[in-house]
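What follows is a set of notes on a single structure, which appears directly below.
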There are 2 protein chains.
Amino acid sequence: MVFHEKKISGRIVPPASAEIVQKICGCKWSLTVFWLLSEGINRPGEMVRSVDGLTTKVLNDCLRRNLDFGLIEKTTFPEVPPRVEYHVTAYGKQFLNIMRQLEQLGSAPRT
Amino acid sequence: MVFHEKKISGRIVPPASAEIVQKICGCKWSLTVFWLLSEGINRPGEMVRSVDGLTTKVLNDCLRRNLDFGLIEKTTFPEVPPRVEYHVTAYGKQFLNIMRQLEQLGSAPRT
DNA sequence: CAGTATCCAGACCGATACTG
DNA sequence: CAGTATCGGTCTGGATACTG
């Protein structure tokens, strides 16, 4: 019931719903980018400047990923120079809560 | 506070404590393997037979990873033929709870 | 049965240069 | 300022064959 969908001819296959774990958590910067947004750093330029080692290409890869999963949403302002903002969705906030728990667990002492 | 440790000369760096997310969740089979253990499938042979596409090499890679993070523990029985069992630790159970939430979220409708 | 060694294909990611 | 294109280096995962 967790991490698998069903057995196919007696064999267990990984769940499609675990995809979010793989795709988001597996991506090197997705979580960091996601966190930046939750902290109010919403514009691509800011993000690149804030994170050491983050390039525009990688940033956009991560953003697209997060967008695809509905964790964030994009707003384009019709201005010159162009302005864009990304924000965490309601769904994304639920995700964030879970990530916070993981973060806590990760820094907790193993007993 | 989440997903980063501190700013170094004004730049944000990813947190060491997010490592568990990266390493475990990012690994293609680690979660599945972990789930198998939580379901009582504890011996390597069983696991390989249960999961379509899982080879012994990949299985051992995943197991080592989970061991390193203290999510599981290994028991060796001095028998012939050799028998080994892996079990989820108390720490691993906490991790499992969080993964269950993720699983739920992943299969929930995006609103 | 448990675990390792090797080799190969593909994914990711980072640097750079470029367009709108 | 926002975003894309391209090109390598590197790491991971999968197939296979092998040892204890």
Side-chain angles (χ1 to χ4, degrees), chain A residues 3 11-14 18-34 36-37 40-69 72-87, chain B residues 3 11-14 18-34 36-37 40-69 72-87:
Chain A
F3 303 136
R11 301 190 144 261
I12 295 169
V13 294
E19 222 188 310
I20 193 171
V21 188
Q22 302 281 345
K23 297 291 182 183
I24 300 299
C25 301
C27 176
K28 185 171 176 184
W29 293 112
S30 279
L31 280 177
T32 304
V33 166
F34 185 66
L36 286 176
L37 293 179
I41 301 181
N42 302 99
R43 300 185 56 187
E46 289 180 291
M47 297 192 222
V48 171
R49 260 175 282 118
S50 303
V51 180
D52 200 30
L54 184 63
T55 63
T56 64
K57 173 186 170 292
V58 173
L59 173 63
N60 280 301
D61 289 349
C62 293
L63 288 172
R64 199 189 326 281
R65 233 175 192 158
N66 288 334
L67 282 168
D68 286 347
F69 277 101
I72 64 175
E73 62 194 354
K74 177 179 182 176
T75 314
T76 307
F77 298 88
E79 302 175 359
V80 177
R83 182 160 67 97
V84 168
E85 286 188 5
Y86 294 89
H87 289 274
Chain B
F3 303 138
R11 303 189 143 261
I12 296 169
V13 294
E19 222 187 310
I20 194 171
V21 188
Q22 301 280 347
K23 297 289 183 184
I24 300 299
C25 301
C27 175
K28 185 170 176 186
W29 292 112
S30 278
L31 281 177
T32 304
V33 166
F34 185 66
L36 287 176
L37 293 178
I41 302 182
N42 301 100
R43 300 184 57 186
E46 289 180 291
M47 296 193 224
V48 171
R49 261 176 280 116
S50 302
V51 180
D52 201 29
L54 184 64
T55 64
T56 65
K57 172 186 172 291
V58 173
L59 173 65
N60 280 300
D61 290 348
C62 293
L63 287 172
R64 197 187 328 281
R65 233 175 195 158
N66 287 333
L67 282 168
D68 286 347
F69 277 100
I72 65 175
E73 63 193 355
K74 176 179 180 174
T75 314
T76 307
F77 299 88
E79 304 175 357
V80 178
R83 183 159 67 99
V84 168
E85 286 188 7
Y86 293 90
H87 290 273

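Every chain is numbered from 1 and lettered A, B, ... according to where its sequence line falls, protein lines coming before strand lines.
Following rounding to the nearest Å, B:Asp52 (CG) and D:dG14 (P) show an atom-to-atom distance of 11 Å. The CG atom of B:Asn60 sits 14 Å away from the C1' atom of D:dT19 (whole-angstrom rounding). When the P atom of C:dC1 is taken as reference, atom CD of B:Glu85 falls 14 Å away, rounded to whole Å. Computed from coordinates, the A:Leu67 CG to D:dG3 P distance equals 9 Å when rounded to whole Å. In this structure, the NZ atom of B:Lys28 is 13 Å from the P atom of C:dG10, given to the nearest Å. To the nearest angstrom, C1' of C:dC12 lies 16 Å from CG of A:Leu59. As rounded to whole Å, 13 Å separates atom P of C:dC13 from atom CG of A:Leu63. Nucleotide D:dG14 holds its P atom 8 Å from the CG atom of B:Leu54, rounded to whole Å.
Looking at heavy-atom distances under 4.0 Å, A:Phe77 makes no contact with the nucleic acid at all. B:Pro44 comes within contact range of the sugar-phosphate backbone alone, with a heavy-atom separation under 4.0 Å but no base atom that close. Across all strands shown, A:Val84 has heavy atoms under 4.0 Å from sugar-phosphate atoms exclusively, and none from any base.
Between B:Cys27 and A:Thr76, it is A:Thr76 whose nearest contact on DNA chain D lies nearer the 5' terminus.
Distance check, rounded to the nearest 0.5 Å: OG1 of A:Thr76 to CD of A:Glu85 gives 10.0 Å. Taken to the nearest 0.5 Å, the CG atom of A:Leu37 stands 6.5 Å off from the CG atom of A:Leu63. Here the CG atom belonging to B:Leu36 is positioned 8.0 Å from the CG atom belonging to B:Leu54, to the nearest 0.5 angstrom. Separating the CG atom in B:Asp68 from the CZ atom in B:Arg64 is a distance of 7.5 Å, to the nearest 0.5 Å.
For A:Thr55 and C:dT16, a side-chain-to-base donor-acceptor distance below 3.5 Å is absent, hydrogens and geometry of angles not being considered.
Minimum atom distance to the side chain of B:Pro81 is reached by C:dC1, of the listed C:dA17, C:dC12, C:dC1. Of the listed nucleotides (C:dG20, D:dG13, C:dC1), C:dG20 has the atom at the smallest distance from the side chain of A:Pro82. Here the side chain of A:Arg64 is nearest to one of D:dT4, D:dG14, C:dG3, namely D:dT4. You'll find that the side chain of A:Lys57 is closest to C:dA15, out of C:dA15, D:dG3, C:dA5.
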Full working for side-chain contact (heavy atoms from CB on, under 4.5 Å) between A:Phe34 and A:Ile72: CA-CA 8 Å; A:Phe34 185 66; A:Ile72 64 175; 3.9 Å; yes
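In this entry C:dG20 has D:dC1 as its Watson-Crick or G-U wobble partner, both defining distances falling under 3.5 Å.
The shortest distance between the side-chain N/O atoms of B:Arg43 and the OP1/OP2 oxygens of C:dA2 is below 4.0 Å. Regarding contacts with the backbone of C:dC12, a side-chain N or O of A:Arg65 is found under 4.0 angstrom from either OP1 or OP2. Phosphate proximity of D:dT12 to B:Trp29: absent, as no side-chain N or O sits under 4.0 Å from OP1 or OP2.
Under 4.0 Å is where a charged nitrogen must lie from a carboxylate oxygen, and between A:Lys57 and A:Asp61 at least one such pair does.
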